[in-house]
Amino acid sequence: MKKEMIKLLLSQNVISEEEAKRLDLINDETIEEAIKELGFGKTEHITKDKICENLETEKIAKEILCFRKVFSTNSIAKFLANHDAEEGTVLISEIQTKARGRLGKKWEAPEGGIWMSLILRPQVPPARIGLITLATGVAIAKSIRSLGVDARIKWPNDVLIHGKKISGVLTEVNATFNEIDWIVVGIGIDSNLKLEDFSEDIRIGTTTLTEELPTKVDENELIAIFLNEFEKVYQLYKDGEIEEILKDWRDLSDTIGKYVNITQTGGKITQGYVVGINNEGSLIIERQDGTLEKIISGELRTVE
Ligand code: BTN
């Protein structure tokens with residue numbers, strides 16, 4: 001009975017898995033089973049079989065879970081990562097009702113976009129965590145470029161077309177000082193959506209593939225193209241071939257060589273010229289007085 005109740009609550013978005021656990025309605029096994037069962041056979045256009053038609057990966061996406069509607073694929077991915085989900089597991093939802101963006105912001109994820117999360121367990125030094133975000137940006141930009149549009153990366157990993165955002169990445173991590181347990185990489189791509197599908201305040205800086213292309217995108221194919229690209233860049237990441245990733249990132253960058261304003265976590269604002277990125281993925285800014293500053297994270301705006 002309990003499991004059925006939880007499934008119902010989750011499917012109706014009445015309750016999140018965190019809330020269900022807090023209220024002690026369930027144990028970990030029940031919720032894991034419920035989430036898994038909810039994921040199968042309920043989607044309307046994104047399916048594992050259709051994705052697999054174009055999938056060429058060996059390790060990434062051995063497990064693909066497709067959902068019709070969830071709060072946030074990252075939240076479910078984190079839950080499953082804490083319960084031994086395998087490296088390379090992919091979660092996709094056609095709709096997210098409480099999706100999360102970088103820097104604590106909300107992310108709008110209506111029907112028509114690609115909303116997915118990957119569970120990774122790289123055996124690399126925790127100092128390399130920041131680079132996974134850049135590597136993911138490279139894979140997204142390359143997969144969108146394969147459709148014939150000039151996608152570029154704004155530091156750290158927004159993907160833009162003609163200066164407008166089409167995709168973002170939210171990376172969440174569980175690691176100790178020495179070791180990474182898991183990384184969840186959440187990817188949002190505004191694919192078959194119109195600007196009217198978003199609230200007015202974000203329309204101005206946003207674009208979608210529907211706005212940029214004459215025909216509808218095959219979302220299952222684009223997901224497979226992305227996963228194929230991701231596997232390549234992830235292998236470089238695990239092998240420590242950082243220069244290759246950074247070279248691609250620099251070639252695709254929309255940020256290097258521009259004057260920017262960066263609001264760092266904590267509110268500090270840095271203004272200057274972007275000289276480049278270092279091999280940890282931090283941005284190097286030359287301030288007006290000629291001194292250099294390294295920025296690890298923050299929100300960047302180009303100064304005209
Ligand atoms: C950003 O702020 O640019 C990052 C947006 C990340 C959105 C994706 S959609 C799939 C995954 N689930 C979430 O709740 N967020 C990420």
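As the structure is a computational prediction, the values presented were derived from the model and not from experiment. We count ligands from 1, going down the list as the structure has it; atoms in each ligand are counted the same way.
With Glu299 as reference, Lys105 is the one residue of Arg102, Lys154, Lys105 to meet the salt bridge (charged side-chain N to carboxylate O under 4.0 Å, His left out) rule. Exactly one of Thr270, Ile262, Val275 qualifies for a side-chain contact (heavy atoms from CB on, under 4.5 Å) with Glu293. That residue is Thr270.
Of all the atoms in ligand 1, the ones that sit under 4.0 Å from a non-hydrogen atom of Ala99 are 14 (O). Short contacts between ligand 1 and Val169, defined as distances under 4.0 Å to a heavy atom of the residue, involve ligand atoms 3 (O), 4 (C). Distances below 4.0 Å separate heavy atoms of Asp158 from the following atoms of ligand 1: 3 (O).
With a 4.0 Å cut-off on non-hydrogen atoms, Met116 touches ligand 1 through its backbone and not its side chain.
Residues Gly137 and Asn157 come closest through the heavy atom pair CA-CB, 4.3 Å.
When only non-hydrogen protein atoms are considered, atom 10 (C) of ligand 1 lies nearest to Thr73 OG1, 3.3 Å. At the shortest separation from atom 1 (C) of ligand 1 among protein heavy atoms lies Arg102 N, 3.5 Å. In terms of protein heavy atoms, atom 15 (N) of ligand 1 is closest to Arg100 O, 2.7 Å.
The closest approach between a heavy atom of Gln96 and any atom of ligand 1 is below 4.0 Å. Put simply, no part of Lys98 is less than 4.0 Å from ligand 1, judged by heavy atoms.
A salt bridge links Lys232 to Glu229: one of the charged nitrogens lies within less than 4.0 Å of a carboxylate oxygen. Between Lys62 and Glu86 no salt bridge is recorded (no basic side-chain N to carboxylate O distance below 4.0 Å).
Aromatic ring pairs are classed by plane angle as parallel below 30°, tilted from 30° to 60° and perpendicular above 60°; the pair Tyr237 and Tyr234 is parallel.
Scanning Gly113, Gly101, Gly188 for the heavy atom closest to atom 8 (C) of ligand 1 points to Gly188.
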